[in-house]
2 protein chains.
Amino acid sequence: MSPRRGAPDPKTMSTLLELVRMGAAYSSADVSSGSLGRALGLTQQAASHRLIELEGAGLISRIHSGRSLKVRMTPRGLGEVRSFYGELTEAFEKTRVRLVFSGSVFSGMGKGKYYVGHPEYQRRFTEALGYRPYPGTLNVKLEEDRYVEQLRTLRSLGGIRVEGFKRGGEEFSALTCFDGRLSDERVTLLFIDITHYNESVAELISAAYLRGKLGLKDGDRVTFTIDAASLVPAKG
Amino acid sequence: MSPRRGAPDPKTMSTLLELVRMGAAYSSADVSSGSLGRALGLTQQAASHRLIELEGAGLISRIHSGRSLKVRMTPRGLGEVRSFYGELTEAFEKTRVRLVFSGSVFSGMGKGKYYVGHPEYQRRFTEALGYRPYPGTLNVKLEEDRYVEQLRTLRSLGGIRVEGFKRGGEEFSALTCFDGRLSDERVTLLFIDITHYNESVAELISAAYLRGKLGLKDGDRVTFTIDAASLVPAKG
DNA sequence: ATTACTATAGCTCGAGTAG
DNA sequence: TCTACTCGAGCTATAGTAA
């Protein structure tokens, strides 16, 4: 999109992308200048003009077939689109967010210990995160609205997904994980699909027993950072 | 990109994407109109103008900080970019390619039978493809250049990957599979990483003995179709 | 219904320049 | 240096129309 490395201008690229949507990438597609114009928000005439320009640039081939037009992308046109997509994907996946949160520690209902300590969760966390979490969660109440809002933002981003499961008639919820740091400890923030807390509570796990290691007690204020993988919204 | 659902025009979107690359997505970034112009292939003046327009449209916020400018995207601007990216991703991943090939059957060197019949390959194919292939390949020589070129195109796309292995000092090559149809039979085209044939030969496997079932003999012309998963180049 | 030409209107960009 | 104004040039879309 951006004309680094002699890439085509936005106008050209948006037209090529629309042609991809119309199925002209690998085989000829019936593309009328009218339909292309409608999709692009242009008049039929302007769309026709663009197609002629694209052909002139060697990015597509146009074949008149009766009253209609068959369009297919040339290898070069396909290459342009693919490299645009590749660069964009890379840009989106390289974009990392570091969000800072602050709140106060409070005691949960002991559920954290029970759940995180469950052998199956332990197995799944170890596989997903690369470490075996201490059986328990550190609950942090976010008092300021801006942190609560940040938490909402974070939730919509792509994190590490851990699927739920059933054992002995009991249901264990799926959750999404985001890595971060609290002091010098690596922590993981959990978004548990079915949680007992409201959206102003952050539930953290870590390899170590954080309360002990950092000398934390209820009401203490802690600050932690969370890194989100990308700009890409979470799937599903 | 395409203005379906009142999305911004290409010019706006390309500018927003460049701002994402500059790190203005989640926090303020120092963006000079000069540097933005350079990245977009515009002059400083035009870039400045665009930033002002984007602010007017409520997509970014501009804050003068000394001689420089701090830019960050608003939730709405971020939403536009993310929905553009989402639509694009979907379009690319939904785009399926159906390529038609035609060529003539010829006898191989018996290697196909040996390899595909190998118990470990049989196991791996069954897992990867969902059926147990008949031990042997149907070799099709593609005479026309356009088919050879199509085959090259196909190779660069994402297929089902089967890893190689070693057994008894012998090396068995990794390969990439693409599903398709020959007459009413489901077939799978193999791109064997280390093959004995040149790039004008398609090697097909199937659950059935195709030569027998379809009454094929050397020199017979066959037509088959291959479906590729997406426009996205194969990773790795 | 198509495509696509010509001519005009309108918009975007770039040069010059000020703050 | 930086931003961002005005104004004119050039480009692009549109309207009208032909095939």
Side-chain angles (χ1 to χ4, degrees), chain A residues 1-4 6-19 22-24 28-74 77 80, chain B residues 1-4 6-19 22-24 28-74 77 80:
Chain A
M1 195 77 152
S2 351
R4 47 186 87 215
D9 61 297
K11 199 165 33 83
T12 304
M13 187 51 75
S14 64
T15 311
L16 287 177
L17 290 175
E18 193 53 51
L19 290 174
M22 290 179 165
S28 303
D30 288 305
V31 176
S32 74
S33 57
S35 61
L36 180 65
R38 244 169 287 125
L40 253 24
L42 301 170
T43 57
Q44 169 268 319
Q45 294 90 328
S48 171
H49 190 208
R50 283 204 184 175
L51 287 173
I52 293 167
E53 275 190 326
L54 289 181
E55 185 177 47
L59 299 173
I60 65 165
S61 68
R62 281 158 67 250
I63 298 163
H64 284 90
S65 111
R67 56 175 158 270
S68 189
L69 201 62
K70 288 210 177 294
V71 171
R72 86 172 286 174
M73 295 173 66
T74 62
E80 293 284 1
Chain B
M1 196 79 150
S2 348
R4 45 185 89 215
D9 61 295
K11 199 164 34 82
T12 303
M13 187 51 73
S14 63
T15 311
L16 287 177
L17 290 175
E18 192 54 50
L19 289 174
M22 291 178 165
S28 302
D30 289 304
V31 175
S32 73
S33 57
S35 62
L36 180 64
R38 247 170 283 123
L40 289 170
L42 302 169
T43 58
Q44 169 269 319
Q45 294 92 326
S48 171
H49 190 211
R50 283 204 185 177
L51 286 173
I52 293 167
E53 276 190 326
L54 289 180
E55 185 177 47
L59 300 172
I60 65 166
S61 67
R62 281 156 67 250
I63 298 162
H64 285 90
S65 110
R67 55 175 161 270
S68 190
L69 203 63
K70 289 212 178 291
V71 172
R72 87 171 283 174
M73 294 173 66
T74 61
E80 292 285 1

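In what follows, chains are A, B, ... by sequence order, proteins preceding strands, each numbered from 1. Computed from a prediction, not measured in an experiment: that's the story for all the values here.
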task = Scan B:Leu51 against the nucleic acid and name what it touches under 4.0 Å (heavy atoms): base, sugar-phosphate only, or nothing.
result = nothing
key: B:Lys70 NZ - D:dC2 P separation (whole Å)   = 15 Å
query = Which whole-number value in Å describes the distance from B:Glu53 CD to D:dC5 C1'?
reply = 14 Å
note = Between CG of A:Leu54 and C1' of D:dT12 the distance, given in whole Å, is 14 Å
query = Rounded to whole angstrom units, what separation is found between the CD atom of B:Gln44 and the P atom of D:dC5?
reply = 11 Å
query = Looking at the side chain of B:Arg62, which of D:dA4, D:dT14, C:dC13 is the nearest nucleotide?
reply = D:dA4
request  = Would you mind classifying the nucleic acid contact of B:His49 as base, sugar-phosphate or nothing, using non-hydrogen atoms under 4.0 angstrom?
outcome  = nothing
task = In whole angstrom, give the distance that lies between atom NE2 of B:His64 and atom C1' of C:dG19.
result = 11 Å
ask   = Between D:dC2 atom C1' and B:Leu36 atom CG, what is the distance in whole Å?
value = 14 Å
ask   = Looking for any heavy atom pair under 4.0 Å, which part of the strands does B:Ser48 touch: base, sugar-phosphate only, or nothing?
value = base
inquiry  = Is B:Ser33 close enough to D:dT3 that one of its side-chain N or O atoms is under 4.0 Å from OP1 or OP2 there?
reply    = yes
request  = Just call it for B:Ser32: base, sugar-phosphate, or nothing, with non-hydrogen atoms closer than 4.0 Å on any strand.
outcome  = sugar-phosphate
message = Just N and O in the side chain of B:Arg50: are any of them under 4.0 Å from OP1 or OP2 of C:dT12?
response = no
remark   = Note: B:Ile60 and B:Leu19 closest approach over all heavy atoms is CG2-CD1, 3.9 Å
message = Side chain of A:Lys11, heavy atoms from C-beta onward: which of C:dC5, D:dA4, D:dT12 has the nearest atom to it?
response = D:dT12
message = So, under a plain 3.5 Å distance rule, would you say the side chain of A:Gln45 forms a donor-acceptor pair with the base of D:dG16?
response = yes
task = Rounded to the nearest 0.5 Å, what's the gap from NE2 on A:His49 to CG on A:Leu51? Could you check?
result = 10.5 Å
note = Residues A:Asp30 and A:Ser68: closest non-hydrogen pair is OD1-OG, 3.9 Å
key: Interatomic distance, B:Ile52 CD1 vs D:dT6 C1' [rounded to whole Å]   = 13 Å
query = Which whole-number value in Å describes the distance from B:Leu42 CG to D:dT3 C1'?
reply = 16 Å
key: Rounded distance (nearest 0.5 Å) linking atom CG of B:Asp9 with atom NZ of A:Lys11   = 12.0 Å
inquiry  = With a 3.5 Å distance limit and no angle check, can you tell me whether B:Ser28 reaches the backbone of B:Val71 through a side-chain donor-acceptor pair?
reply    = no
